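Below is one structure, written out as C-alpha coordinates; comments come after it.
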Amino acid sequence: MDYIKNYSLEGKIAWITGASYGIGFAIAKAMAGAGATIVFNDIRQELVEKGLDAYKAEGILAHGYVCDVTNEEEVNATVAKIGQEVGVVDILVNNAGIIKRVPMIEMAAKDFRQVIDVDLNAPFIVSKAVIPNMIKKGSGKIINICSMMSEFGRETVSAYAAAKGGLKMLTRNIASEYGEYNIQCNGIGPGYIATPQTAPLRETQPDGSRHPFDQFIVSKTPAGRWGEASDLGGPAVFLASQASDFVNGQILYVDGGIQAYIGKQPS
Ligand code: NAP
Ligand code: GCO
(Lines give C-alpha, C1' and ligand atoms only; values in the text may rest on other atoms or scores of the structure.)
(Ligands and ions follow the chains in the order given, each with its own letter.)
Protein backbone atom coordinates (compact mmCIF):
# COMPACT_ATOMS: atom_id res chain seq x y z
CA MET A 1 0.00 0.00 0.00
CA ASP A 2 1.23 3.52 -0.81
CA TYR A 3 1.41 4.57 2.84
CA ILE A 4 2.13 8.24 2.01
CA LYS A 5 -1.51 8.55 0.90
CA ASN A 6 -2.41 8.58 4.61
CA TYR A 7 -0.88 12.08 4.69
CA SER A 8 -2.77 13.33 1.65
CA LEU A 9 -5.27 16.19 2.01
CA GLU A 10 -6.64 15.73 -1.50
CA GLY A 11 -10.32 16.69 -1.66
CA LYS A 12 -10.22 18.46 1.71
CA ILE A 13 -11.08 22.12 2.38
CA ALA A 14 -8.81 23.76 4.94
CA TRP A 15 -9.60 27.12 6.58
CA ILE A 16 -6.55 28.70 8.19
CA THR A 17 -7.53 31.84 10.10
CA GLY A 18 -5.33 34.95 9.90
CA ALA A 19 -3.18 33.38 7.19
CA SER A 20 -2.16 36.27 4.90
CA TYR A 21 1.40 35.75 6.13
CA GLY A 22 3.38 34.28 9.00
CA ILE A 23 2.76 30.85 10.49
CA GLY A 24 -0.74 30.64 9.03
CA PHE A 25 0.54 31.21 5.52
CA ALA A 26 3.25 28.56 5.94
CA ILE A 27 0.75 26.01 7.25
CA ALA A 28 -1.64 26.80 4.39
CA LYS A 29 1.18 26.40 1.85
CA ALA A 30 2.08 22.99 3.30
CA MET A 31 -1.56 21.87 3.32
CA ALA A 32 -1.96 23.02 -0.29
CA GLY A 33 1.13 20.98 -1.13
CA ALA A 34 -0.65 17.97 0.39
CA GLY A 35 -3.66 18.60 -1.85
CA ALA A 36 -5.99 20.74 0.28
CA THR A 37 -8.10 23.61 -1.03
CA ILE A 38 -7.06 26.68 0.97
CA VAL A 39 -9.41 29.17 2.58
CA PHE A 40 -8.05 32.02 4.69
CA ASN A 41 -9.26 35.27 6.23
CA ASP A 42 -7.87 38.51 7.51
CA ILE A 43 -9.31 41.58 9.13
CA ARG A 44 -8.66 44.00 6.25
CA GLN A 45 -9.48 43.69 2.54
CA GLU A 46 -6.04 44.93 1.55
CA LEU A 47 -4.42 42.15 3.55
CA VAL A 48 -6.73 39.56 1.99
CA GLU A 49 -5.73 40.88 -1.46
CA LYS A 50 -2.05 40.79 -0.44
CA GLY A 51 -2.54 37.25 0.81
CA LEU A 52 -4.26 36.14 -2.39
CA ASP A 53 -1.32 37.49 -4.39
CA ALA A 54 1.15 35.73 -2.10
CA TYR A 55 -0.66 32.41 -2.49
CA LYS A 56 -0.87 32.94 -6.27
CA ALA A 57 2.87 33.53 -6.37
CA GLU A 58 3.21 30.06 -4.81
CA GLY A 59 0.86 28.59 -7.43
CA ILE A 60 -1.97 28.29 -4.90
CA LEU A 61 -5.49 29.45 -5.88
CA ALA A 62 -6.69 30.31 -2.38
CA HIS A 63 -10.06 31.66 -1.27
CA GLY A 64 -9.77 34.77 0.90
CA TYR A 65 -12.38 36.41 3.11
CA VAL A 66 -12.48 39.55 5.21
CA CYS A 67 -13.45 38.37 8.68
CA ASP A 68 -12.61 39.43 12.23
CA VAL A 69 -12.53 36.09 14.03
CA THR A 70 -13.65 37.72 17.29
CA ASN A 71 -16.96 38.74 15.68
CA GLU A 72 -19.38 35.82 15.84
CA GLU A 73 -21.76 37.31 13.26
CA GLU A 74 -18.90 37.82 10.80
CA VAL A 75 -17.62 34.29 11.45
CA ASN A 76 -21.02 32.70 10.92
CA ALA A 77 -21.56 34.71 7.73
CA THR A 78 -18.10 33.66 6.50
CA VAL A 79 -18.80 29.98 7.18
CA ALA A 80 -22.00 30.31 5.13
CA LYS A 81 -20.12 32.04 2.28
CA ILE A 82 -17.38 29.40 2.33
CA GLY A 83 -20.07 26.72 2.22
CA GLN A 84 -21.72 28.32 -0.82
CA GLU A 85 -18.53 29.27 -2.69
CA VAL A 86 -16.05 26.52 -1.74
CA GLY A 87 -17.69 23.79 0.33
CA VAL A 88 -17.85 22.41 3.87
CA VAL A 89 -14.73 23.08 5.97
CA ASP A 90 -12.96 19.77 6.66
CA ILE A 91 -9.91 21.21 8.43
CA LEU A 92 -9.89 24.30 10.67
CA VAL A 93 -6.63 25.85 11.83
CA ASN A 94 -7.24 28.45 14.54
CA ASN A 95 -4.09 30.43 13.81
CA ALA A 96 -5.10 34.11 14.06
CA GLY A 97 -3.55 35.62 17.13
CA ILE A 98 -2.07 38.70 18.75
CA ILE A 99 0.28 39.39 21.60
CA LYS A 100 0.76 42.48 23.76
CA ARG A 101 4.00 42.51 25.75
CA VAL A 102 3.28 44.67 28.82
CA PRO A 103 4.17 44.12 32.52
CA MET A 104 0.94 42.80 34.01
CA ILE A 105 0.45 45.52 36.61
CA GLU A 106 0.85 48.13 33.86
CA MET A 107 -1.55 46.41 31.44
CA ALA A 108 -4.95 48.00 30.81
CA ALA A 109 -7.82 45.56 31.36
CA LYS A 110 -9.12 46.33 27.86
CA ASP A 111 -5.79 45.23 26.38
CA PHE A 112 -5.79 42.02 28.45
CA ARG A 113 -9.34 41.35 27.24
CA GLN A 114 -8.39 41.99 23.59
CA VAL A 115 -5.65 39.35 23.71
CA ILE A 116 -8.03 36.85 25.34
CA ASP A 117 -10.65 37.76 22.73
CA VAL A 118 -8.46 37.03 19.71
CA ASP A 119 -6.36 34.18 21.10
CA LEU A 120 -9.00 32.26 23.07
CA ASN A 121 -12.56 33.48 22.46
CA ALA A 122 -12.09 33.47 18.67
CA PRO A 123 -10.97 29.80 18.46
CA PHE A 124 -14.13 28.99 20.46
CA ILE A 125 -16.31 31.06 18.09
CA VAL A 126 -14.82 29.65 14.88
CA SER A 127 -14.74 26.05 16.13
CA LYS A 128 -18.39 26.37 17.26
CA ALA A 129 -19.27 27.62 13.76
CA VAL A 130 -17.65 24.74 11.84
CA ILE A 131 -18.28 21.73 14.10
CA PRO A 132 -21.99 21.24 13.20
CA ASN A 133 -21.12 20.64 9.52
CA MET A 134 -18.23 18.39 10.54
CA ILE A 135 -20.70 16.33 12.58
CA LYS A 136 -23.03 16.11 9.56
CA LYS A 137 -20.10 15.11 7.35
CA GLY A 138 -18.94 12.48 9.86
CA SER A 139 -15.40 13.81 10.16
CA GLY A 140 -13.35 16.91 10.90
CA LYS A 141 -9.95 18.17 12.02
CA ILE A 142 -9.37 21.18 14.25
CA ILE A 143 -5.84 22.39 14.93
CA ASN A 144 -5.37 25.15 17.51
CA ILE A 145 -2.12 27.08 17.36
CA CYS A 146 -1.07 27.10 20.98
CA SER A 147 2.35 28.17 22.26
CA MET A 148 5.14 27.41 24.68
CA MET A 149 3.18 29.91 26.74
CA SER A 150 0.50 27.24 27.01
CA GLU A 151 3.02 25.71 29.47
CA PHE A 152 5.31 28.51 30.65
CA GLY A 153 5.02 32.09 31.76
CA ARG A 154 7.46 34.89 31.31
CA GLU A 155 7.60 38.61 31.99
CA THR A 156 5.18 40.83 30.06
CA VAL A 157 3.03 38.12 28.43
CA SER A 158 0.38 37.47 31.11
CA ALA A 159 -2.60 37.89 28.77
CA TYR A 160 -1.03 35.82 26.02
CA ALA A 161 -0.03 32.99 28.38
CA ALA A 162 -3.51 32.99 29.97
CA ALA A 163 -5.08 32.78 26.51
CA LYS A 164 -2.74 30.09 25.21
CA GLY A 165 -3.09 28.07 28.41
CA GLY A 166 -6.83 28.28 27.97
CA LEU A 167 -6.51 27.31 24.32
CA LYS A 168 -4.67 24.13 25.38
CA MET A 169 -7.65 23.19 27.57
CA LEU A 170 -10.20 24.24 24.92
CA THR A 171 -8.36 21.87 22.57
CA ARG A 172 -8.69 19.03 25.06
CA ASN A 173 -12.34 19.82 25.69
CA ILE A 174 -13.30 19.89 22.00
CA ALA A 175 -11.45 16.58 21.63
CA SER A 176 -13.42 15.16 24.57
CA GLU A 177 -16.83 16.49 23.53
CA TYR A 178 -16.71 15.78 19.77
CA GLY A 179 -14.37 12.82 19.41
CA GLU A 180 -17.38 10.52 19.12
CA TYR A 181 -18.25 12.26 15.79
CA ASN A 182 -14.85 11.40 14.32
CA ILE A 183 -13.63 14.94 14.90
CA GLN A 184 -10.05 15.22 16.13
CA CYS A 185 -8.94 18.43 17.84
CA ASN A 186 -5.25 18.88 18.56
CA GLY A 187 -2.88 21.75 19.14
CA ILE A 188 0.44 22.73 17.70
CA GLY A 189 2.75 24.50 20.13
CA PRO A 190 5.39 26.38 18.15
CA GLY A 191 8.58 27.34 19.91
CA TYR A 192 10.12 30.68 19.00
CA ILE A 193 9.44 31.27 15.31
CA ALA A 194 10.83 34.10 13.17
CA THR A 195 7.68 35.96 12.10
CA PRO A 196 6.43 39.56 12.39
CA GLN A 197 5.02 38.67 15.81
CA THR A 198 8.48 37.99 17.24
CA ALA A 199 10.36 40.61 15.21
CA PRO A 200 10.68 42.94 18.23
CA LEU A 201 12.52 40.14 20.10
CA ARG A 202 15.09 39.82 17.30
CA GLU A 203 15.83 43.46 16.57
CA THR A 204 19.49 44.33 16.17
CA GLN A 205 20.57 46.58 19.03
CA PRO A 206 21.88 50.15 18.53
CA ASP A 207 25.43 48.88 19.08
CA GLY A 208 24.93 46.31 16.33
CA SER A 209 24.65 43.36 18.72
CA ARG A 210 21.88 40.82 18.62
CA HIS A 211 18.84 41.37 20.89
CA PRO A 212 19.51 39.77 24.30
CA PHE A 213 16.30 37.74 23.95
CA ASP A 214 17.44 36.51 20.53
CA GLN A 215 20.71 35.33 22.10
CA PHE A 216 18.78 33.75 24.98
CA ILE A 217 16.46 31.77 22.71
CA VAL A 218 19.29 30.52 20.50
CA SER A 219 21.26 29.39 23.59
CA LYS A 220 18.17 27.65 24.98
CA THR A 221 17.30 25.83 21.76
CA PRO A 222 19.26 22.62 20.96
CA ALA A 223 18.67 23.34 17.27
CA GLY A 224 20.64 26.55 17.91
CA ARG A 225 18.25 28.67 15.87
CA TRP A 226 14.85 30.30 15.80
CA GLY A 227 12.18 28.25 14.10
CA GLU A 228 10.99 29.13 10.62
CA ALA A 229 7.25 29.21 9.87
CA SER A 230 7.89 26.43 7.35
CA ASP A 231 8.97 24.15 10.25
CA LEU A 232 5.31 23.95 11.22
CA GLY A 233 4.01 22.75 7.86
CA GLY A 234 4.77 19.05 8.25
CA PRO A 235 3.29 18.71 11.75
CA ALA A 236 0.18 20.58 10.58
CA VAL A 237 -0.28 18.29 7.57
CA PHE A 238 0.09 15.26 9.85
CA LEU A 239 -2.57 16.53 12.27
CA ALA A 240 -4.87 17.43 9.35
CA SER A 241 -4.55 14.02 7.68
CA GLN A 242 -6.02 10.60 8.29
CA ALA A 243 -2.59 9.54 9.57
CA SER A 244 -3.57 11.17 12.88
CA ASP A 245 -7.17 9.90 13.13
CA PHE A 246 -6.44 8.34 16.54
CA VAL A 247 -4.53 11.38 17.84
CA ASN A 248 -6.91 13.59 19.80
CA GLY A 249 -6.54 16.25 22.49
CA GLN A 250 -2.76 16.43 22.12
CA ILE A 251 -0.50 19.47 21.89
CA LEU A 252 2.35 18.76 19.46
CA TYR A 253 5.26 21.02 20.38
CA VAL A 254 7.39 22.11 17.45
CA ASP A 255 10.08 23.95 19.38
CA GLY A 256 13.48 22.65 18.26
CA GLY A 257 13.85 20.96 21.66
CA ILE A 258 13.78 24.12 23.77
CA GLN A 259 11.48 22.57 26.37
CA ALA A 260 13.81 19.57 26.79
CA TYR A 261 17.02 21.55 27.22
CA ILE A 262 18.53 23.29 30.28
CA GLY A 263 20.38 25.64 27.95
CA LYS A 264 23.95 26.21 26.83
CA GLN A 265 26.44 27.68 29.32
CA PRO A 266 27.06 31.32 28.30
CA SER A 267 30.50 31.58 26.62
P1 NAP B 1 1.59 37.24 13.06
O2 NAP B 1 2.74 37.26 12.12
O3 NAP B 1 1.37 38.39 13.98
O4 NAP B 1 0.23 36.94 12.23
C5 NAP B 1 -0.97 36.89 12.95
C6 NAP B 1 -2.08 36.83 11.93
O7 NAP B 1 -3.32 36.81 12.63
C8 NAP B 1 -2.08 38.04 11.01
O9 NAP B 1 -2.42 37.67 9.69
C10 NAP B 1 -3.19 38.89 11.62
O11 NAP B 1 -3.82 39.74 10.71
C12 NAP B 1 -4.16 37.81 12.04
N13 NAP B 1 -5.15 38.33 13.00
C14 NAP B 1 -4.91 38.96 14.17
N15 NAP B 1 -6.07 39.27 14.76
C16 NAP B 1 -7.06 38.84 13.93
C17 NAP B 1 -8.49 38.88 13.98
N18 NAP B 1 -9.14 39.45 14.99
N19 NAP B 1 -9.19 38.34 12.95
C20 NAP B 1 -8.53 37.79 11.91
N21 NAP B 1 -7.18 37.71 11.79
C22 NAP B 1 -6.47 38.24 12.81
O23 NAP B 1 1.72 35.97 14.00
P24 NAP B 1 2.45 34.57 13.79
O25 NAP B 1 3.80 34.64 14.41
O26 NAP B 1 2.30 34.13 12.36
O27 NAP B 1 1.54 33.68 14.75
C28 NAP B 1 0.43 32.98 14.26
C29 NAP B 1 -0.11 32.18 15.43
O30 NAP B 1 0.95 31.41 16.00
C31 NAP B 1 -0.64 33.05 16.57
O32 NAP B 1 -1.75 32.42 17.17
C33 NAP B 1 0.53 33.07 17.56
O34 NAP B 1 0.10 33.31 18.88
C35 NAP B 1 1.06 31.69 17.40
N36 NAP B 1 2.45 31.47 17.81
C37 NAP B 1 3.44 32.23 17.27
C38 NAP B 1 4.76 31.94 17.66
C39 NAP B 1 5.94 32.70 17.11
O40 NAP B 1 7.04 32.53 17.68
N41 NAP B 1 5.79 33.50 16.06
C42 NAP B 1 5.03 30.92 18.55
C43 NAP B 1 3.96 30.22 19.11
C44 NAP B 1 2.67 30.51 18.71
P45 NAP B 1 -3.46 41.30 10.72
O46 NAP B 1 -2.15 41.44 10.04
O47 NAP B 1 -4.59 41.97 9.98
O48 NAP B 1 -3.39 41.74 12.17
C1 GCO C 1 7.14 36.02 23.55
C2 GCO C 1 6.96 35.35 22.23
C3 GCO C 1 6.36 33.98 22.44
C4 GCO C 1 6.16 33.32 21.11
C5 GCO C 1 5.56 31.97 21.26
C6 GCO C 1 6.42 31.01 21.99
O7 GCO C 1 7.01 37.24 23.62
O8 GCO C 1 7.47 35.28 24.50
O9 GCO C 1 6.13 36.12 21.39
O10 GCO C 1 5.17 34.09 23.13
O11 GCO C 1 5.29 34.08 20.31
O12 GCO C 1 4.27 32.03 21.77
O13 GCO C 1 5.88 29.72 21.85
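Remember, predicted model here, so these are calculated numbers, not experimental data. Counting starts at 1 for both ligands and their atoms, following the listed order. Keep in mind that the numbers below use all heavy atoms, side chains included, and drop hydrogens, waters and symmetry copies.
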Which ligand 1 atoms, with their elements, are less than 4.0 angstrom from a heavy-atom of [X]?
X: I145; answer: 29 (C), 30 (O), 35 (C)
X: C67; answer: 19 (N), 20 (C)
X: G191; answer: 40 (O), 42 (C), 43 (C)
X: T198; answer: 39 (C), 40 (O), 41 (N)
X: I98; answer: 14 (C), 15 (N)
X: V118; answer: 15 (N)
X: L47; answer: 45 (P), 46 (O), 47 (O)

**OP:** For residues Y65 and F40, establish whether the separation of their ring centroids is below 6.0 Å.
**Re:** no
Original post:
Residues in salt bridge (charged side-chain N to carboxylate O under 4.0 Å, His left out) with E177, at least two apart?
Top reply: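 Residues passing salt bridge (charged side-chain N to carboxylate O under 4.0 Å, His left out) with E177: none at all.
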Closest non-hydrogen protein atom to [atom], residue and atom name please, with distance?
atom: atom 36 (N) of ligand 1; value: Y160 OH, 3.5 Å
atom: atom 25 (O) of ligand 1; value: T195 OG1, 2.5 Å
atom: atom 47 (O) of ligand 1; value: D42 OD1, 2.6 Å
atom: atom 40 (O) of ligand 1; value: I193 N, 2.9 Å
atom: atom 8 (C) of ligand 1; value: Y21 OH, 3.4 Å

Record the part of [X] in heavy-atom contact with ligand 1 below 4.0 Å; permitted values are side chain, backbone, both and neither.
X: D68; value: both
X: C146; value: backbone
X: N41; value: side chain
X: K164; value: side chain
X: M149; value: neither

Original post:
Who are the side-chain contact (heavy atoms from CB on, under 4.5 Å) partners of T17, not counting sequence neighbours?
Top reply: W15, N41, V69, L92, N94, N95, A96, V126
Original post:
Listed by chain and number, what are the side-chain contact (heavy atoms from CB on, under 4.5 Å) partners of S244, not counting sequence neighbours?
Top reply: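 Counting only residues at least two positions away or on another chain, S244 forms a side-chain contact (heavy atoms from CB on, under 4.5 Å) with K141, F238, L239, V247.
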Any heavy atom of [X] sitting closer than 4.0 Å to ligand 1?
X: A229; result: no
X: A194; result: no
X: F25; result: no

**OP:** From the options V115, N95, I23, select the one whose nearest heavy atom is closest to atom 29 (C) of ligand 1.
**Re:**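 Of the listed residues, N95 has the closest heavy atom.
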Subject >> Selection from G189, G22, G97, P196 by shortest heavy-atom distance to atom 5 (C) of ligand 1 >> reply: G97
So do the side chains of [X] and [Y] get within less than 4.5 Å of each other, counting heavy atoms only?
X: L167; Y: M169; value: no
X: V39; Y: I16; value: no
X: D111; Y: V115; value: no

Lys/Arg-Asp/Glu bridge criterion (N-O < 4.0 Å) met for [X], [Y]:
X: E151; Y: K168; answer: yes
X: R225; Y: D231; answer: yes
X: D214; Y: R210; answer: yes

Original post:
Which heavy atom of G51 sits nearest a heavy atom of F25, and at what distance?
Top reply: O-CE1, 4.5 Å
So for atom [atom1], which belongs to [X], do other residues, nucleotides or ligands contribute more than 12 heavy atoms lying within a distance under 6.0 Å?
X: K137; atom1: NZ; answer: yes
X: E85; atom1: CD; answer: yes
X: E155; atom1: CD; answer: no

**OP:** Check the pair N6 / Q242 against side chain to side chain donor-acceptor pair (under 3.5 Å), numbers first and verdict last.
**Re:** CA-CA 6 Å; N6 282 317; Q242 68 177 46; 2.5 Å; yes
**OP:** Dump the intermediate steps for salt bridge (Lys or Arg N to Asp or Glu O under 4.0 Å) on E72 and K128, then the final yes or no.
**Re:** CA-CA 10 Å; E72 190 163 28; K128 176 185 164 191; 2.8 Å; yes
Pick out the protein N or O atoms lying less than 3.5 Å from any N or O of ligand 2, and list each pair with its distance.
| residue | atom | partner | partner atom | Å |
| --- | --- | --- | --- | --- |
| ligand 2 | 7 (O) | R101 | NE | 2.6 |
| ligand 2 | 7 (O) | R101 | NH2 | 3.4 |
| ligand 2 | 7 (O) | R154 | NH2 | 2.8 |
| ligand 2 | 8 (O) | R154 | NE | 2.6 |
| ligand 2 | 8 (O) | R154 | NH2 | 3.4 |
| ligand 2 | 8 (O) | Y192 | OH | 2.8 |
| ligand 2 | 9 (O) | R101 | NH2 | 2.7 |
| ligand 2 | 9 (O) | Q197 | OE1 | 3.0 |
| ligand 2 | 11 (O) | Q197 | OE1 | 2.8 |
| ligand 2 | 11 (O) | Q197 | NE2 | 3.2 |
| ligand 2 | 12 (O) | S147 | OG | 2.6 |
| ligand 2 | 12 (O) | Y160 | OH | 2.8 |
| ligand 2 | 13 (O) | S147 | OG | 3.1 |
| ligand 2 | 13 (O) | M148 | N | 2.9 |
| ligand 2 | 13 (O) | P190 | O | 2.8 |
| ligand 2 | 13 (O) | G191 | O | 3.2 |

